[in-house]
Amino acid sequence: MNAGESTDLTVNVVTGVPKRQDRFGYQNINGGKVYNLSFCFPYLSDYRNGKWNYHPYYDAGENRNSAVSNFHVSFFAPKSYKVAASGQSTTKNGKTTITANNMREVAIAASNKFKVDHAYANGVRINDYYLASKNSKQYNKLALMTAQDSFHIFTKKIGKYPYKEIDITEGLLGKDTGGMEYPGLIMIDASGFLQKKHPLDRYNELTEDVSHEVGHQWFYGTVGSDEYMEPWLDEGLTNLLENGVYDLTYTKSKAYCAKLMHSKFYTRKNVKRANKILKENANQFINKNQKASYINYPVNNPPKGVDTEDMAYELGMDFRAVLKVAMGETKFFDALHDYYQTYYLKQATTQDFLNIIRKYDNSKKVNNVINKFIDPKYLSE
């Protein structure tokens with residue numbers, strides 16, 4: 001079709017929902033059921049640079065690269081179920097009507113055991129869909145506090161969240177999965193709260209998971225990218241928001257977390273010390289001309305000797321953390337704010353990110369850092 005033309009397309013799809021602890025599946029929890037419904041809807045293939053992108057489904061990560069659209073969804077569930085969804089929704093007599101404008105996709109979670117609480121941050125309503133359990137009071141309070149703190153910090157550092165609300169849903173997502181992100185909805189694995197064993201570190205894991213998935217609302221949700229070909233672009237930056245921004249800012253949620261863990265080590269002084277240590281490590285990396293691994297590779301072909309997850313999450317975060325020190329914090333976050341505003345509700349590439357960085361600092365020091373992490377062979381326009 002030519003620009004400005006439109007057509008109607010009907011796709012009939014029937015699928016079963018597997019019994020699985022996953023972002024798509026249902027689980028029996030605490031005498032009820034939780035349905036996570038995502039990656040089960042048809043996607044329009046992405047057409048870019050004169051070709052279609054057919055990324056295979058990637059169970060350990062994501063394969064998305066979609067433009068924003070307007071979604072109107074009617075979802076039916078028994079009256080005993082509460083339904084959380086991307087966008088804004090209303091439920092009457094078992095029918096949930098969902099309106100999700102300017103979003104990349106829609107995800108839905110439903111349960112006959114959900115309880116709902118909410119809080120506000122920067123004018124955004126945060127809805128927490130949680131499950132009644134022995135630890136549900138602490139889970140709900142800490143999840144909402146962490147989301148509030150994350151919204152305050154990320155809005156100040158990066159820019160405004162584009163939607164009026166966000167839903168947080170509790171469930172079980174399987175081994176080594178702390179959460180999952182969608183526009184306007186995040187799923188949180190709460191195995192430390194729901195299963196028989198209740199490790200003390202569950203509180204800290206909850207703050208990490210919530211802050212990370214909230215961070216994805218900025219990078220992937222608002223600024224989109226090809227998560228299969230350039231997974232570092234959203235995961236590395238979101239990991240920086242979690243570990244290098246939220247964790248390195250003294251917050252009420254982390255203070256409450258420390259209280260629940262009976263820890264006296266979380267103080268403003270120690271947070272300041274952690275910032276200093278990370279800055280010293282980054283400077284040492286720069287000044288000693290240490291080697292790094294390339295990070296801008298696709299999920300199915302990471303650099304030799306590098307795990308895909310480490311490439312996307314850890315090394316992707318390290319690149320931004322070192323870059324922040326090389327540029328200086330003020331200049332770095334000015335660039336990040338510009339990147340966010342420039343590609344707000346659009347899609348960006350590694351080259352787009354580098355163009356913005358060099359707009360603010362094209363020094364030899366910054367380019368040396370870029371050259372250690374970015375392989376020019378895998379730069380896409």
Quiz prompt | ring-ring contact (aromatic ring centres under 6.0 Å, His included) partner of Phe151, the single match among Trp218, Tyr163, Tyr120, Tyr246 | solution = Trp218
Quiz item: Is any side-chain N of the basic residue among Glu181 and Arg64 closer than 4.0 Å to the acidic one's carboxylate O?
Solution: yes
Practice problem: Please answer whether the main-chain N or O of Asn102 pairs with a side-chain N or O of Asn70 as donor and acceptor at a distance below 3.5 Å. | Solution: yes
Quiz item: Only one of Asn204, Asp149, Thr146, Thr249 forms a side chain to side chain donor-acceptor pair (under 3.5 Å) with Lys254, so which one is it?
Solution: Asn204
Acceptor/donor pairs from residues 72-85 side chains to any protein atom, 3.5 angstrom cut, sequence neighbours excluded:
none

Quiz item: Do Asn371 side-chain atoms and Asn367 backbone N/O form a donor-acceptor pair below 3.5 Å?
Solution: yes
Quiz item: Is Asp128 reaching over with its side chain to a backbone N or O of Asp117, donor-acceptor style, under 3.5 angstrom?
Solution: no
Quiz item: Any donor-acceptor pair under 3.5 Å linking the side chain of Gln27 with the backbone of Leu172?
Solution: yes
Exercise. Measure the spacing between CG of Leu336 and CD1 of Ile158 and express it to the nearest 0.5 Å.
Key: 4.0 Å
In a table with atom names and distances, give each donor-acceptor pair under 3.5 Å that connects a side chain of residues 320-334 to protein atoms at least two apart or in another chain.
from   : atom 1 : to     : atom 2 : distance (Å)
Arg320 : NH2    : Leu233 : O      : 3.3
Glu329 : OE2    : Lys157 : NZ     : 3.2

Quiz item: Between the main-chain N or O of Asn2 and the side-chain N or O of Glu5, is there a donor-acceptor pair closer than 3.5 Å?
Solution: yes
Quiz item: So, Thr96 side chain and Thr91 main chain: donor-acceptor pair closer than 3.5 Å or not?
Solution: no
Quiz item: Atom NZ in Lys19, atom CG in Asn28: separation rounded to 0.5 Å?
Solution: 4.5 Å
Exercise. Check whether any side-chain N or O of Asn112 sits under 3.5 Å from a backbone N or O of Lys33 as a donor-acceptor pair, and report yes or no.
Key: yes
Practice problem: Say whether, by atom type as modelled, one donor and one acceptor occur between the side chain of Arg104 and the main chain of Tyr220 under 3.5 angstrom. | Solution: yes
Quiz item: Would you call the rings of Phe219 and Tyr339 parallel, tilted or perpendicular, where under 30° means parallel and over 60° means perpendicular?
Solution: parallel
Quiz item: Between Thr238 and His212, is there a donor-acceptor pair closer than 3.5 Å when you use the side chain of the first and the backbone of the second?
Solution: no
Enumerate, atom names and distances included, each donor-acceptor pair closer than 3.5 Å involving a side-chain atom of residues 182-196, sequence neighbours excluded.
from   : atom 1 : to     : atom 2 : distance (Å)
Tyr182 : OH     : Ser38  : OG     : 2.5
Asp189 : OD1    : Leu173 : N      : 2.7
Asp189 : OD2    : Ser191 : N      : 3.3
Asp189 : OD2    : Ser191 : OG     : 2.8

Quiz item: Does NZ or CZ of Lys372 fall inside the cone over Phe285's six-membered ring, less than 6.0 Å from its centre and within 45° of the axis?
Solution: yes
Quiz item: So, Phe114 versus Tyr129, ring centres under 6.0 angstrom or not?
Solution: yes
Practice problem: Verify, without hydrogens or angle tests, whether Asn53 (side chain) and His55 (backbone) share a donor-acceptor contact under 3.5 angstrom. | Solution: no
